[in-house]
Amino acid sequence: MNIPSRHIQEDLKSGGSTHVEQFHVFSTFFYSKIIQNSWDPEKCYQDVHRWTRRVNIFEKKYLIIPVNLHDHWFLAIITNPKFMLCTPSPIDVDNATGQDITPSDAHIITLDSLNGSHAHVVKKLIEYLRLEARDKLDKEIIRAPKEWKVAVWLLRYHPHLV
């Protein structure tokens, strides 16, 4: 069932947002695939590496990953993944907006109605990003993103966040 993922994508498109190209929404099956063989991250990556063959996720500003753990859904959002690949510089400029961005803007945000701790999910997502960077870009992740937990009431205002 990939309905939540499609809903997010359609909501972004129908809202007339000019920022649609800055987002990549993963399938609802994505997270379950990268944890399927948790003892072998390389095998898990091989199961999904073709899913991003037409997109460089490190060029996106937001990666949205629906996660289902124990019949409970929540979202993980990775912001500015490109900043995980570079050494910090004082200020970078966002080409789309012309605004200054500091390298500390790489985050993994979890939106969960139960306000649970998802350190293990964040760890798996960082592992996926590490393998994706090595495979597709021949680069290593130099800086791990910071983790944020955000209360779910924020979802009500998601159209205003973009």
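Since the structure is predicted, the reported quantities are computational estimates derived from the model, not experimental observations.
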> With a 4.5 Å limit on heavy-atom distance, are the side chains of N68 and W73 in contact?
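When only atoms from C-beta onward are counted, W73 and N68 do touch, with a gap below 4.5 Å.
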
> Is it the case that the side chain of K61 and the backbone of F23 share a donor-acceptor pair, with hydrogens and angles ignored and the cut-off at 3.5 Å?
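No: the side chain of K61 does not pair with the backbone of F23.
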
> What verdict does the side chain to side chain contact (heavy atoms under 4.5 Å, CB included) test give for L125 and I34, after you've listed the backbone C-alpha separation in whole Å, the side-chain angles of each residue and the deciding distance to 0.1 Å?
CA-CA 8 Å; L125 292 174; I34 66 170; 4.0 Å; yes

> Checking Y31 now: which residues fulfil ring pair (Phe, Tyr, Trp, His ring centres under 6.0 Å) with it, not counting sequence neighbours?
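For Y31 there are no ring pair (Phe, Tyr, Trp, His ring centres under 6.0 Å) partners, ignoring immediate neighbours.
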
> Run the numbers on F29 and V48 for side chain to side chain contact (heavy atoms under 4.5 Å, CB included), then give the verdict.
CA-CA 10 Å; F29 302 109; V48 297; over 6 Å; no

> Nearest 0.5 Å please: distance from the CG atom of L137 over to the CG atom of N56.
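Here the interatomic distance stands at 5.0 Å.
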
> Hey, are the side chains of L69 and H120 touching, using non-hydrogen atoms and a 4.5 Å cut-off?
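SC-SC contact between L69 and H120 confirmed.
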
> Give me the atom names and distance for the closest heavy-atom approach of E21 to K60.
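Between these two residues, the closest heavy atoms are O-NZ, 2.8 Å.
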
> Identify the heavy atoms of R53 and R50 that sit nearest to each other, and give their distance.
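Here R53 and R50 meet closest at NH1-O, 3.0 Å.
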
> To the closest 0.5 Å, what do you measure between NZ (K136) and CG (L131)?
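The NZ atom of K136 sits 10.5 Å away from the CG atom of L131.
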
> Around D40, counting heavy atoms of other residues, nucleotides and ligands shown, do more than 12 lie under 6.0 Å from its CG?
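Yes, because the 6.0 Å sphere around CG of D40 holds more than 12 heavy atoms from other groups.
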
> Check S27 against P66 and note the closest heavy-atom contact, atom names and distance.
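Minimum heavy-atom contact is O-CD, 4.1 Å.
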
> If you compare all heavy atoms of F58 against all heavy atoms of P81, which two are closest, and at what distance to 0.1 Å?
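Closest approach of F58 to P81, heavy atoms only: CD2-O, 3.6 Å.
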
> Salt-bridge test for K82 and E59: reply yes if a basic N is under 4.0 Å from a carboxylate O, no otherwise.
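So K82 does not pair with E59 through a salt bridge.
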
> Nearest 0.5 Å, what's the NE2-CD1 distance between H118 and I109?
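Those atoms lie 13.5 Å apart.
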
> Do T52 and F26 have side-chain heavy atoms sitting under 4.5 Å apart?
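Touching, per the 4.5 Å side-chain cut-off.
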
> Are R130 and E127 within salt-bridge range, i.e. N to O under 4.0 Å?
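Judged by the 4.0 Å cut-off on N to carboxylate O distance, R130 and E127 do form a salt bridge.
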
> Please state whether the rings of F30 and Y128 are parallel, tilted or perpendicular, taking 30° and 60° as the class boundaries.
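F30 and Y128: perpendicular rings.
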
> How about D135 and H49: does a side-chain donor come under 3.5 Å of a side-chain acceptor?
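No.
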
> Would a 4.5 Å heavy-atom cut-off, applied to side chains only, mark H72 and D112 as touching?
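H72 reaches D112 side chain to side chain.
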
> Starting at CD1 of I126, measure out to CD1 of I78 and round the result to the nearest 0.5 Å.
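So the gap between those two atoms works out to 8.0 Å.
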
> Taking all non-hydrogen atoms of both residues into account, name the closest pair between P145 and M84 and its distance.
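Taking every non-hydrogen atom into account, CD-SD, 3.6 Å.
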
> Is the closest side-chain heavy-atom distance between K33 and W51 below 4.5 Å?
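Of all side-chain heavy-atom pairs linking W51 with K33, at least one is under 4.5 Å.
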
> Is any side-chain heavy atom of L85 closer than 4.5 Å to a side-chain heavy atom of I141?
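With C-beta onward as the side chain, the pair touches.
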
> Can you tell me if Y45 and E132 form a side-chain donor-acceptor pair at under 3.5 Å?
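Result is yes, a qualifying pair exists.
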
> Looking at side-chain heavy atoms only, is the closest gap between V121 and I65 below 4.5 Å?
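When only atoms from C-beta onward are counted, I65 and V121 do not touch, as no gap falls below 4.5 Å.
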
